[in-house]
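First comes the structure, then the notes that go with it.
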Amino acid sequence: MSFRTWFKNWIPLPVLIFLGFLTSCTDTLESETIVYSNDFSELDLAGFENGKLFIFGNDTLAGYYHNEEVAVNVSDLPAHNLLKVTVEIIVHDSWDGNPDDGVGGPDYWFLE
């Protein structure tokens with residue numbers, strides 16, 4: 001059997017395997033339920049640990065935090081296999097380090 005014949009006979013197999021992988025791993029979202037939403041206009045900090053409110057640009061926001069942690073506890077989550085967390089980050093003041101701490105390094109923001 002020549003290389004050309006072998007190549008012609010075997011090239012469809014990798015292509016079929018590749019196409020199988022592309023179609024077998026698609027996610028399907030069966031339903032979407034919003035379990036927590038807050039724009040803080042009602043001054044509601046229910047579920048917050050270390051919650052604070054801050055007025056910035058005529059809006060009420062969660063904050064002003066300086067080297068502190070804040071947590072939101074959401075109870076009664078329905079059964080799920082996927083969570084989507086959407087957070088709107090509004091940066092104010094400078095992000096040029098923490099001179100109050102005697103450290104001139106960068107500022108950090110984490111979500112866990």
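Taken together through direct or relayed side-chain contacts under 4.5 Å among Ile, Leu, Val, Met, Phe, Trp and Tyr, Val70 and Val74 form part of one hydrophobic cluster.
Contact record, Ala62 with Phe40: CB-CZ, 3.6 Å, taken as the closest heavy-atom pair. Shortest non-hydrogen contact noted between Thr60 and Leu43 is CG2-CD2, 3.8 Å.
Remark: Ile34 CD1 is loosely packed, at most 12 non-hydrogen atoms of other residues, nucleotides or ligands lying under 6.0 Å away. For Glu68, the CD atom counts as densely surrounded, since its 6.0 Å shell holds more than 12 non-hydrogen atoms of other residues, nucleotides or ligands.
Atoms CG and CG, on Asp44 and Leu53 in that order, are 9.0 Å from each other to the nearest 0.5 Å. The CG atom of Asn38 lies 7.0 Å from the CG atom of Leu45; values are rounded to the nearest 0.5 Å.
In this structure the side chain of Glu88 never reaches within 4.5 angstrom of the side chain of Thr86, judged on heavy atoms.
Listed by chain and number, the residues in a side-chain hydrogen bond (donor to acceptor under 3.5 Å, both in side chains) with Glu49 are Asn73 (sequence neighbours excluded).
Classified by interplanar angle (parallel below 30°, tilted 30° to 60°, perpendicular above 60°), the ring pair Tyr64/Phe54 is tilted.
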